[in-house]
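So that the names make sense, note that chain A is the first sequence line, chain B the second, and so on, each numbered from 1.
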Amino acid sequence: MPVTNEGFEPLIVAFCCNWCSYAGADLAGVSRMSYSSNVRIIRVPCSSRVNPSFIIRAFQRGADGVLVAGCHPGDCHYHSGNFFTRRRLTVLKQMMEYLGIEPERFQVRWISGSEGAKFAMVMNSVAEEIKRLGPNRKLRDVR
Amino acid sequence: MKVITEKINYNLLREVEEVSGQKVSACFQCGKCSGGCPVVWSMDVLPHQVLRYAQLGLVDELLHSKTLWICASCQTCDSRCPRNVDIPKVIEALRLIILRNKGGNYLHPNDLPARVRENAPQQGLVSAFRKYAK
Amino acid sequence: MQQKVEGYPLKEYTTKICQIAKEALENREVTAIIGWRKKDFWWQSPVVFLEDPADVQQLVWDPFTIYSPVKFLLDWQESCAAKVGIFVKGCDSRGINRLLQDKRLERERVAVYGVPCGGKADAEKIRASFPSKEIKSVTLIGEELVLAVGEREERVKAEAYLLDKCLSCRHPNPVVYDKLVWEEVSPRQYADESRFARVQAVESLVTEERFAYWQRQFDRCIRCFACRNTCPACNCRVCIFDQAEPRWLGKANDPADTLNYHIIRAFHVAGRCFECGECERICPAGVPLQELNRKLIKGINDAYGDYEAGLDPTDVPPLGTYRGEDPAGFDES
Amino acid sequence: MKRIGVFICWCGSNIAATVDIDRVIAAAQKMSGVVYADQNKYTCSEIGQAMIKDAIKEYRLDRVVIGSCSPRMHENTFRKTVESAGLNPYYLEIANIREQCSWVHKDKEAGTAKAISLIRTAVAKAAMNEALFAAEMPITRRALVIGGGIAGIQAALDIADTGFEVDLVEREPSIGGRMAQLDKTFPTLDCSACILTPKMVDVAQHEKIKLITYAEVDKVEGYLGNFTVTIRSKARSVDLQKCIGCGECIAKCPSKVASEFEEGLVQRRAIYTPFPQAVPNKPAIDRAHCRFFTAGKCKVCQKVCPADAIDYEMADRLLTNQYGAIVVATGFDTHKLNNYGEYAYGKHPDVLTSLEFERLLNASGPTGGKILRPSDGKEPKTVAFIQCVGSRDKAKGNPYCAKICCMYTAKHAILLSEKVPGSKAFVFYIDVRTAGKDYEEFYTRAYEECGASYIKGNVSKVFPDGDKLLVRSVDVLSGALVELSVDMVVLAASVDARADAKELAQKLAVTVNAHKFFTEAHPKLRPVDTQTAGIFLAGMCQGPKDIPETVAQASAAAVKVAAIFSKQSLLGNPTVAEVEPKLCSGDLSCMAVCPYGAISEQVVEERRGREMVPRKIAQVNAALCQGCGACTVACRPGAINLKGFTNQQILAEVDAICL
Amino acid sequence: MKRIAKANLAELLSAMAAEAKLYVPAESDGIVNFVSWQEGLAVELAALNVLVPPKKFFYPQTETVLKYEMGEDLQIEDFACKAGEKAILFAVRPCDVSSFAMMDKVYLEEPPDEAYRRRRENTTVIALGCTEPDEACFCQSFDIDAAKAPGADVLAVDTGEELALVAQTEKGEELISALNGLLSEATSGDENKVKDEQEKIADRYVTSVSLRGIKERLAGMFAADYWERLYKRCIGCGTCTFLCPTCHCFDLQEYAAGNCGERIRCWDACMFADFTQMAGGHNPRPSQKERVRQRFMHKLNYFPQQHGDYACVGCGRCVRKCPVNLDILEVIREAGGGTDGL
Amino acid sequence: MRYSYYPGCTLKTRAKAYEDTALSTAKALGLSLTEIKEWQCCGALYPLNTDEIFSFFSPVRALLQTRAAGEDKLVTLCAGCYNVFKRTNKAVREDGELRRKINAYLEEDYMGEVDVVHYLEVLKNDVGFGSIAEKVKKRLTGRKLAPYYGCLLLKPRAEMDLDDVENPTIFENFLNALGATAVSYPYKTECCGSYLSMANEEIASAAVGRILNSAYKNGAEAFVVACPLCKYNLEEYQSELLAASKDPQLKLPVFYFTELLAEALAL
């Protein structure tokens with residue numbers, strides 16, 4: 001691993017729920033809140049649609065970080081979806097850390113549709129952390 | 001009495017909460033404890049005020065109050081408290097903080113009234129010394 | 001063949017098992033029995049399917065009747081409508097509950113005969129102390145393992161020769177059964193303490209050490225899928241890993257895909273694994289899969305309250321439910 | 001191979017200033033499946049849309065990708081565009097290169113690279129898009145309102161006034177509910193009966209409303225537009241057709257029992273109408289207390305009935321009807337005071353609940369509207385009102401605020417001062433909450449004009465003391481001890497959800513919170529909806545609220561119902577979950593996580609060898625499914641997929657985004 | 001014959017590693033596998049069978065066949081012609097050495113598999129003769145002499161303190177001469193000693209089966225009830241096939257992303273349900289019964305019919321590792337000529 | 001019916017009459033009460049702080065003794081002991097952390113297996129007030145008795161669970177079974193001053209005064225108690241109150257409930 005990660009532009013895949021976090025991203029956009037261009041968003045109806053397999057797949061295909069963002073617990077558009085997300089991804093995250101994956105690589109955040117500033121802030125902080133970590137080598141396909 | 005920044009002692013609040021296992025901040029000052037306390041009339045700081053002072057970090061007022069030595073731990077207040085605060089435990093914690101720090105006893109056998117020395121049941125004596133001395 | 005095993009151990013258990021099987025077949029209570037029999041070597045007691053009452057004498061109960069017969073019920077129920085009788089250990093019985101909870105088993109089509117289990121022997125541990133070729137039989141009597149080695153008889157403390165998974169077994173007695181073959185035994189003394197010991201050891205490593213540790217383990221994985229195929233919690237009709245479209249898991253045995261496999265496998269049994277430990281025991285490459293499963297059990301217990309799978313088939317598994325006040329294992333700000 | 005067309009919007013300079021559109025087009029042309037790529041200054045304009053339509057025809061495009069603003073903005077617009085060109089609207093995919101790219105990245109190089117990546121991802125997804133069709137469902141344009149209190153009455157009237165049929169089911173022999181028990185209402189002091197009774201009569205007379213009293217909901221099946229509800233019409237033992245409401249039977253009935261309507265302050269007969277203004281104003285026999293039904297002898301009512309309306313043989317009847325929507329308005333229970341022995345309720349007759357006091361105030365109540373002590377019939381000169389009995393009390397009662405007590409206690413204090421000259425009200429409170437129009441003014445009136453004395457302090461104990469009641473408390477504000485000797489104590493008992501709310505919730509497949517109040521679909525934005533489409537909430541059953549709020553919510557629920565009924569049929573959401581039978585193991589993990597009860601078990605016949613064998617698998621009711629996708633992850637083999645967001649589509653997006 | 005003290009083994013390995021990429025059996029977490037040798041690595045000479053058979057050096061579990069990129073024109077990069085780094089396999093057991101001959105029949109017959117051929121050609125195999133077969137070893141039944149390995153380039157014999165090395169092919173000679181500085185010449189006494197040791201091994205087997213008539217018996221057993229009974233406890237994992245030194249079935253997979261793609265070849269197993277799954281959904285081997293039958297028919301009937309030899313070398317891996325104890329010994333015994341007890 | 005019995009300090013000395021009558025009535029009712037061996041003072045008060053555990057050892061030892069004797073119920077007579085034992089037992093049962101800490105100091109682990117009962121509970125639940133009423137030889141007809149519960153028998157509400165904290169009835173039902181009339185008065189659960197009487201007589205006196213007045217105004221002729229300290233306070237402070245009030249009738253004797261039971265059973 002390089003000592004400095006100067007010039008490293010990570011790829012961060014963000015799964016955003018349509019009702020809160022994707023709307024939060026839109027609000028960040030409307031408000032012209034600049035954030036790291038390393039982030040690429042995939043729109044899902046609800047964070048509970050995010051299959052752990054999607055997350056692993058993103059890492060395999062070269063993502064350096066994965067973020068899942070959903071409504072705050074209790075505010076799910078679908079009533080309870082993110083409560084399941086919270087359990088599932090807690091377990092997944094615990095496991096990934098246990099397997100020696102840096103905790104910053106895979107993050108889950110709650111960002112509501114009114115939190116444009118938070119969206120930008122989270123994207124920047126995640127991008128910063130991943131930049132510091134350097135490229136994902138552990139989970140990436142060798143091909 | 002005045003609440004000023006320099007005077008606020010949150011360490012005491014923390015210590016009280018730790019020793020008593022009670023959440024002092026849960027109290028919303030309904031006063032039901034004080035209303036029902038059988039010995040409230042001789043207290044200088046009323047039970048609900050004990051919690052209020054603790055919330056505000058008013059240490060001196062609490063540690064110098066007579067109230068601490070008047071509470072009989074009869075548990076009437078906590079049996080009615082809508083916020084599940086066990087005030088006898090909070091008061092016990094304050095007593096312990098004093099006794100542990102000072103090391104001295106609040107009650108000496110010689111201070112006991114004569115008739116107590118003659119007739120009182122052991123149960124009462126043991127209780128009193130548990131509360132007033134360490 | 002040289003290793004004719006003479007006189008099966010735990011004779012009384014075996015006798016009772018044969019008797020129960022015989023009666024059930026003769027009374028036509030069931031049309032087949034699933035149990036264990038002895039094979040060529042002292043360490044082989046594979047699962048056997050019997051339909052003829054005359055064959056029941058094949059059945060045994062010995063320190064090697066380890067392999068769970070439970071998952072075979074899936075095929076059985078798909079292939080015929082008749083009732084089958086099955087002998088189960090404590091761990092196997094939780095597999096029955098696993099299948100029931102997953103609605104993969106019709107309880108009324110199975111007669112469950114529970115066998116309280118004193119633990120099973122680890123052939124590798126025995127081989128390390130005794131010349132394998134000379135061992136003629138191995139019996140468990142109480143807390144002693146009795147071996148016929150060459151012409152002599154060796155008695156050793158069983159605990160040192162039992163499978164690790166049996167030493168940390170919390171439910172040696174069947175938790176669901178129609179008939180109990182023998183009286184219940186008590187769980188091993190250190191079962192609770194040893195349950196998460198290995199998990200904690202790995203947890204105590206720093207991130208890079210943990211990664212190196214697991215890479216070394218997964219590096220040996222040959223992707224034979226034995227861990228999945230043996231697991232009663234892996235009871236999907238068509239496993240996600242076997243699907244071509246979408247192809248969830250690459251077929252190549254490369255490190256990233258192997259990691260993918262192990263993460264998703266463990267995730268799919270999270271909150272459902274009932275700790276039979278077979279995945280790890282039968283892994284030809286010795287990948288410590290139970291450490292991964294138990295890590296998730298520990299994490300779920302810590303976060304959502306203690307839950308043991310396979311005890312009550314009417315439960316909803318922890319990942320199928322939630323509470324509003326659940327803690328999150330990530331930054332919830 | 002798909003024939004994908006890519007259209008990049010400049011959005012004026014919004015996108016074009018940060019993204020090098022030409023490079024994006026050049027990159028898009030090389031993407032797999034792309035046969036056409038072009039740009040437009042404003043794609044959402046008529047010209048822009050026309051360009052898309054033309055290109056679809058000219059280049060035989062079968063998928064369309066638009067790089068523009070957020071899909072949350074124009075997805076519907078563009079779906080209509082491609083649809084008008086003959087493509088299925090779900091063949092469209094939008095790459096958000098404005099909100100997520102040009103507006104948030106300043107660097108043109110990075111912005112262009114990201115835009116290309118987003119387009120590539122959208123192209124990859126579009127290639128996997130399938131035609132989706134919304135299911136069309138007929139609507140039974142008849143509503144069911146459960147509960148005949150003010151909430152149910154208002155909802156029923158409002159729905160009926162829009163011209164749709166309504167059935168109103170009420171558990172008691174008469175509609176009216178809690179509001180009928182009240183004397184006056186805050187903050188205006190309107191006579192409750194005066195404003196409620198006309199509405200009750202309206203309900204009875206409205207040609208679109210069918211009133212089903214003395215009945216309960218037994219079973220609910222189906223979904224939005226097509227609920228099948230079984231209603232148990234309890235045996236009233238009085239034939240409503242024959243009964244003329246003369247009241248002879250009531251007068252002669254020998255069995256007496258505490259009156260529920262009068263909060264037990266007086267007795268009613270076993271054959272009874274709950275109150276004089278009851279609708280329908282015809283009696284019912286309370287079989288649990290009727291001498292004939294308990295002892296086998298009597299039949300006095302039958303003998304005296306001039307209309308031969310008494311029918312002892314009558315049995316419960318099950319009515320099964322179809323409804324398109326349901327409004328739940330089942331109200332509340334008052335909190336039982338078993339845990340509050342310190343207030344001597346039930347020990348001393350002059351300790352009353354607020355609702356009992358309300359009956360004393362009421363002109364048709366047991367005292368004819370005079371405030372008299374139950375113990376000796378004398379007028380109380382001093383009355384202590386104790387607030388928060390069972391409210392805000394996580395130790396012994398409800399942790400929540402009952403919301404109405406502060407205001408009705410102010411009302412009681414005002415009415416006391418009006419009815420008993422020279423009297424004095426003491427109100428013991430923890431906090432006084434008066435958030436509502438004219439509420440603070442009303443409260444002010446109680447202490448400024450009507451002499452009520454407000455003491456901040458929860459009463460600790462009430463000591464019966466001869467014919468007086470000693471109330472012991474503390475005034476938190478001054479630290480003074482308070483010991484008042486009063487003539488009467490009134491307890492503001494908290495409000496509870498109905499004891500059987502959970503059972504009803506299960507029948508309706510909606511949820512209740514920890515305190516058994518029905519849960520709204522969204523606490524802010526969908527406070528009237530439940531998470532089950534077509535079922536709405538009104539009034540206290542959803543949580544503590546006062547009459548104006550209840551009425552507003554009831555009208556809101558009515559509009560929601562009318563909005564559904566205004567259509568001939570409903571178009572379902574096409575992005576719903578779907579089960580692949582071959583993959584489904586039938587363990588129904590999906591069912592456990594579905595918040596809408598949209599998943600059920602079905603039996604399919606499968607070929608095995610030469611025979612067909614049955615197998616249980618999951619099935620999705622497309623009408624109930626809202627498309628969250630929680631089930632797709634719960635399903636380990638991936639047998640349940642979400643149309644529009646399929647596993648294949650998302651994996652393709654992931655793959656493309658990572659290139 | 002040359003010899004070297006086992007104490008000097010590290011030097012020998014170091015010298016070999018200088019010649020070519022060297023692979024040796026080594027232990028990790030209780031499992032022995034062939035791994036790339038590096039200074040300081042402990043060689044596991046006592047282990048009988050390594051877990052994954054050495055066929056993987058000629059026929060890797062996963063290998064890239066080609067890569068392509070679609071642009072203006074299609075560009076293809078062929079990987080077969082790049083295969084075949086110079087390598088030495090040290091301490092291959094005779095049964096595994098015999099398996100190479102079987103693999104050759106599949107991959108070197110016309111048209112030969114280029115990658116396989118190149119790897120085979122560039123690899124020098126040093127066999128290690130066995131001295132003590134264990135109870136699951138039955139190579140003898142296939143006329144394999146566990147003390148000798150005629151197919152190897154070099155045969156090493158463990159004589160206790162020393163290793164005796166015999167070059168058996170030209171490639172072997174070359175290697176030995178390159179290492180000559182480290183080796184000393186064996187005396188005829190040494191050679192006799194080695195011979196004596198080699199002869200003893202025949203008596204040390206405890207398991208053997210008779211293959212008499214098995215091919216013919218099986219030919220008539222395609223529809224036999226036997227398979228019905230046998231398959232029931234098979235769990236359909238790939239342990240037996242992946243660990244078998246003679247199993248050689250593969251799958252070709254295409255990984256495409258954007259305009260690029262890669263074709264890979266990886267081991268597949270006839271035990272897997274999707275092995276014969278066709279794109280349209282039809283599966284000619286719909287249940288585990290057909291799959292189990294296929295495996296044993298292939299090894300004991302089809303392969304001998306086509307190539308003359310049984311596709312089994314009696315290494316015993318499947319006997320030891322099958323989770324449900326369903327192994328070829330049982331099938332040979334029950335379907336074939338029976339067992340000869342010792 | 002068999003029980004382990006814990007007397008406590010005062011029952012052997014100042015409250016001997018209490019123990020004597022309790023044991024004789026128990027015998028008459030066919031109850032076997034075996035005093036546990038080597039008991040120590042229970043501590044008299046339940047520890048109200050959470051940061052030390054030594055105060056628990058004495059009660060836990062007594063509970064272990066009960067278990068060792070093969071009994072599953074421990075009977076107490078003194079309300080103070082009852083309070084200490086019942087709360088300790090509940091804490092051990094429900095607080096795993098506390099249980100682990102305590103057991104770290106004990107030879108055997110105690111998990112809360114024993115049930116702690118007051119003699120009054122035994123009479124109510126195991127003997128039955130109905131059956132006592134049948135066995136009464138000398139009914140206490142016409143005796144107007146004021147049951148005085150004090151605090152420790154009932155509070156804290158969530159832990160003691162003997163009866164309704166605010167409106168208990170067990171004493172009344174007991175007295176009715178003996179044929180006496182139980183006087184209802186609002187101060188029956190108000191604190192008598194407890195150990196405050198040791199150091200602060202003014203407070204105790206005032207507390208007793210209110211109780212006395214209330215009972216007297218409601219027609220009581222005597223008090224009935226279940227705690228030696230209550231008895232001491234009620235008796236000790238009456239005389240001065242009597243002197244101050246000038247009402248010669250305002251003097252109410254104080255009985256242990258067991259004394260009345262013995263009387264009714266004619267022992």
Plane angle bin for His77(A) and Trp19(A) - parallel if under 30°, tilted between 30 and 60°, otherwise perpendicular: parallel
Heavy atoms of other groups near Lys108(D) NZ, more than 12 under 6.0 Å: yes
Arg40(A) and Thr121(D): side chain donor to acceptor below 3.5 Å: no
Among the listed options Val50(A), Ile41(A), Asp64(A), Thr85(A), the residue most often paired with chain D at heavy-atom distances under 4.5 Å: Ile41(A)
Region of Phe54(A) that comes under 4.5 Å of a non-hydrogen atom in chain D: both
Arg88(A) and Asn51(A): side chain donor to acceptor below 3.5 Å: no
Region of Phe15(A) that comes under 4.5 Å of a non-hydrogen atom in chain D: side chain
Phe133(D) six-ring face occupied by Lys643(D) cation (under 6.0 Å, within 45°): no
Heavy-atom contact with chain D under 4.5 Å, split by part of Asp75(A): both
Greatest number of heavy atom pairs closer than 4.5 Å to chain A - which of Leu118(D), Asp107(D), Leu642(D): Leu642(D)
Engaged part of Lys524(D) at the chain A interface, taking heavy atoms whose separation is under 4.5 Å: side chain
Any Met128(D) side-chain heavy atom under 4.5 Å of Lys125(D) side chain: no
Heavy-atom pairs under 4.5 Å with chain A, option from Gln531(D), Gln100(D), His522(D), Met73(D) with the top count: Gln100(D)
Toward chain A, the part of Ala577(D) with a non-hydrogen atom under 4.5 Å: neither
Close contacts, residues 620-628 of chain D versus chain A, judged by heavy atoms under 4.5 Å: Gln626(D), Gly627(D), Cys628(D)
Chain D interface, residue from Ala58(A), Pro52(A), Ser53(A) that has the most non-hydrogen pairs under 4.5 Å: Ala58(A)
Part of Val13(A) within contact of chain D (heavy atom distance under 4.5 Å): side chain
Residue pair Arg23(D) / Thr112(D), side-chain donor-acceptor N/O under 3.5 Å: no
Candidate pair His105(D) and Tyr35(A), rule ring-ring contact (aromatic ring centres under 6.0 Å, His included), full reasoning: CA-CA 7 Å; His105(D) 307 317; Tyr35(A) 58 85; 5.5 Å; yes
Region of Arg43(A) in contact with chain D, defined by heavy-atom distances below 4.5 Å: both
Largest heavy-atom contact set with chain D, pairs under 4.5 Å, which of Glu9(A), Arg32(A), Met123(A), Met33(A): Arg32(A)
Region of Ala120(A) that comes under 4.5 Å of a non-hydrogen atom in chain D: neither
Result of checking Glu93(D), Gln648(D), Arg63(D) against Asn129(D) for side chain to side chain donor-acceptor pair (under 3.5 Å): Glu93(D)
Pairwise side-chain contact, Leu139(A) with Met96(A), heavy-atom cut-off 4.5 Å (strictly under): yes
Gln542(D): which of Val512(D), Leu537(D), Thr519(D) passes side-chain contact (heavy atoms from CB on, under 4.5 Å): Leu537(D)
Flag if over 12 foreign heavy atoms under 6.0 Å of CD, Glu130(D): no
Engaged part of Ala634(D) at the chain A interface, taking heavy atoms whose separation is under 4.5 Å: both
Nearest heavy atoms of Arg79(D) and Leu92(D), plus distance in Å: N-CD2, 3.7 Å
Under 3.5 Å donor-acceptor, Ser102(D) side chain and Val19(D) backbone: no
For chain A, which residues of residues 652-659 of chain D have heavy atoms nearer than 4.5 angstrom: Glu653(D), Val654(D), Asp655(D), Ile657(D), Cys658(D)
Backbone N/O of Val528(D) and side chain of Lys560(D): donor-acceptor pair under 3.5 Å: no
Heavy-atom contact with chain A under 4.5 Å, split by part of Thr511(D): side chain
Check: Gln649(D)/Thr646(D) side-chain N/O donor and acceptor closer than 3.5 Å: yes
Ser31(A), part contacting chain D, at a heavy-atom distance under 4.5 Å: neither
Between Asp587(D) and Ser585(D): side-chain donor-acceptor atoms closer than 3.5 Å: no
Heavy-atom contact with chain D under 4.5 Å, split by part of Asn82(A): neither
Among Cys17(A), Ser34(A), Ser37(A), Cys46(A), residue most engaged with chain D (heavy-atom pairs, under 4.5 Å): Ser37(A)
Expected output: side-chain Arg109(A) to main-chain Leu67(A) donor-acceptor under 3.5 Å: no
